[in-house]
Number of protein chains: 2
Amino acid sequence: MIEQATKDVVERRRGSGVKLVYDILRDEILDLKLAPGSPVDEVLLAERFQMSRTPIREALVRLAGEGLIETLPNRSTLVSNIDLLNLNTYFDALVLMYRVTTRLAAQNHNAADLVAIRQLHHQYAATVEARDLREMIAVNAAFHTAIAEAGRNPYFTGLFRRLLDEGRRILRLYYNSYEEQFPQRFVDEHDEIIAAIEGRDLEAADRLGKIHGEQIVEQVQRMFARNQKLDIAL
Amino acid sequence: MIEQATKDVVERRRGSGVKLVYDILRDEILDLKLAPGSPVDEVLLAERFQMSRTPIREALVRLAGEGLIETLPNRSTLVSNIDLLNLNTYFDALVLMYRVTTRLAAQNHNAADLVAIRQLHHQYAATVEARDLREMIAVNAAFHTAIAEAGRNPYFTGLFRRLLDEGRRILRLYYNSYEEQFPQRFVDEHDEIIAAIEGRDLEAADRLGKIHGEQIVEQVQRMFARNQKLDIAL
DNA sequence: AAAATACTTCTTGTCGACAAGGAAAATGCA
DNA sequence: TGCATTTTCCTTGTCGACAAGAAGTATTTT
């Protein structure tokens, strides 16, 4: 059935619609399936998800609360643009949160946390092996989120999650066409980070988190510089 | 007219209702005019603000997104409780953000920022003088928010604002009946912080931010300890 | 033909009504 | 009386319809 591609679900439990729409749209935005700046039409979404505009709207309000979409009063709502001009403030926040969450994980994790972290680590290695870019980016974010959760500080976890979300969009933006040697190095660094956490070595965890974060920042900056050259060349 | 006390406004511009409700409810929650755990009834609010439940609901969704209210599916929505058991994670986040935002303000502020900061500083001193507790707490939060804004990192500013909001509730909780010598010391510390920012002394700003944060944490912990004794004594 | 004005269209914002889920109250049964 | 079951009630969740604001298009006026 081809219709299945555009319509989702038929019968739902009361109250589940908002979460469904929120989750799907969030993923589509973060995977750049919905391009930054593209319009988000409530009526279209209502048709697609087979529900009225009310729950759609509620999902959109939540997405707007996280800055993933922007609402122009009385006119339209758009997928938020990626702010490339202020990347440095993004990087500042990202690196600090890498440090803090990894350090706290070393301090506060329990056995179950380590199991979850390792599981995602293996999953990440597998996606690298398979060269599945979209999954790689998503699983990497999940891996670091799991570390943050193990740190047991919901304030940091919340900010970090938002930063990793934004990172998914930025990475996809640059990794759209070509590939890098990026992956394997990061698998190794993940290994070291896990070891530091398990050994409850706060300073090492902090240091490795910082290095890992800066590694990613450099990578993105390199890609950014090269892309700018390409733009000029055209 | 006595009715005016419970009803607000009569004519509004389309789209302004949500912001109105959001702002008012947010303030009422942060000032503990709405007690933690107390119910938030959509129908009552609709009557009070003279509008339908739809815009009320949207405001509530936004408040829920910031963790100020909690929604029990199909049942009721409540003002979020203050999590006193996990105060240490709150303090960790608060102190770090005091440091980071003050440091960044020293680095990135401009002349206009300093004017705004000084203005709030004077306002704070005035509320201390007047012993107006509610204003004191609110203006203090605004003062530090202004410093964070001068730091020009929206990620940190966003988290810090949420932490200061939560701080408003915690402070009000303890300062409900009796007073402290708390104020004057903080006015002086604010002075020092402003000087460090103006002098673009990053290390000093960082250090003073840390001290200031820890100062407040200590104060709250002292009050907390004493209150516990009181509870036991009763 | 250019500018101002009116009209159309498109999308969001708001409304009133109804349905569903859950909790408490009322009822039936042993 | 004690317990299970039904009923009522209260609040939220969803719907379809309509109104308002803004942008673009057509029309009039000079």
Side-chain angles (χ1 to χ4, degrees), chain A residues 6-25 28-29 34-81, chain B residues 6-25 28-29 34-81:
Chain A
T6 54
K7 296 188 178 182
D8 301 45
V9 198
V10 204
E11 195 150 339
R12 280 166 293 98
R13 215 165 42 258
R14 174 189 170 90
S16 67
V18 174
K19 188 178 179 339
L20 181 80
V21 174
Y22 169 83
D23 285 338
I24 291 180
L25 287 184
E28 292 185 348
I29 292 171
L34 292 175
S38 64
V40 179
D41 190 306
E42 296 176 5
V43 180
L44 255 52
L45 289 173
E47 285 170 12
R48 168 178 167 195
F49 289 102
Q50 299 278 75
M51 60 184 79
S52 88
R53 279 175 50 221
T54 310
I56 302 287
R57 250 173 154 260
E58 185 171 329
L60 294 185
V61 169
R62 284 171 45 179
L63 289 169
E66 296 177 37
L68 292 179
I69 64 176
E70 275 166 32
T71 306
L72 311 187
N74 282 315
R75 265 185 294 150
S76 61
T77 106
L78 310 172
V79 177
S80 294
N81 281 301
Chain B
T6 54
K7 297 188 178 182
D8 301 46
V9 196
V10 206
E11 196 151 337
R12 277 167 294 98
R13 216 166 42 260
R14 174 188 169 90
S16 67
V18 174
K19 187 175 182 338
L20 181 80
V21 175
Y22 169 84
D23 285 339
I24 291 180
L25 286 184
E28 291 185 349
I29 292 171
L34 292 175
S38 65
V40 179
D41 190 307
E42 296 176 5
V43 180
L44 255 52
L45 289 173
E47 286 169 13
R48 169 178 167 194
F49 290 101
Q50 299 279 71
M51 60 184 79
S52 87
R53 279 176 51 221
T54 309
I56 301 287
R57 256 180 147 254
E58 183 170 329
L60 294 185
V61 169
R62 285 172 43 179
L63 289 169
E66 296 177 37
L68 292 179
I69 63 176
E70 276 165 31
T71 306
L72 311 186
N74 282 316
R75 263 185 295 148
S76 61
T77 105
L78 310 172
V79 176
S80 293
N81 281 300

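Quick caveat: nothing in here was measured; it's all calculated off a predicted structure. FYI, side chains are in, hydrogens and waters are out, and symmetry mates aren't considered; it's all heavy atoms of this structure.
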Worksheet entry | Nucleic acid contacts of residues 36-44 of chain B, taken as heavy-atom distances under 4.0 Å to DNA chain C | none
Response to the item:
Numerically ordered, the residues 59-66 of chain B set in heavy-atom contact under 4.0 Å with DNA chain C is none
Got [X] and [Y] here, is their nearest side-chain heavy-atom distance under 4.5 Å?
X	Y	answer
Leu45(B)	Met51(B)	no
Ile56(A)	Val18(A)	no
Glu70(A)	Thr77(A)	no
Val79(A)	Leu68(A)	no
Glu66(B)	Tyr22(B)	yes

Discussion item. Checking Glu28(B) now: which residues fulfil salt bridge (charged side-chain N to carboxylate O under 4.0 Å, His left out) with it, not counting sequence neighbours?
Written reply: Arg48(B)
Discussion item. Test of understanding: with salt bridge (charged side-chain N to carboxylate O under 4.0 Å, His left out), list the residues that count as partners of Asp23(A), not counting sequence neighbours.
Written reply: Lys19(A)
Worksheet item: What is the per-nucleotide protein-contact pattern of nucleotides 15-22 of chain C, from the 5' end, where B denotes a base atom under 4.0 Å from a protein heavy atom, S denotes such proximity for sugar-phosphate atoms only, and - denotes neither?
Response: B-B-BBSS
Worksheet item: For the residue pair Gly67(A) and Ser80(A), what are the closest heavy atoms and their distance?
Response: O-OG, 2.8 Å
Worksheet, complete the sentence: Heavy-atom nearest pair, Leu78(B) first then Pro39(B), reads CD2-CA, 3.8 Å
Item to complete: Measure from CD on Glu58(B) to P on dT12(D) and round the result to the nearest Å.
Response: 17 Å
Worksheet entry | Spacing between Lys19(A) atom NZ and dT14(D) atom P, to the nearest angstrom | 14 Å
Item to complete: Can you sort out the partners of Glu42(B) under side chain to side chain donor-acceptor pair (under 3.5 Å), two or more places apart, ordered by chain and number?
Response: Arg53(B), Arg57(B)
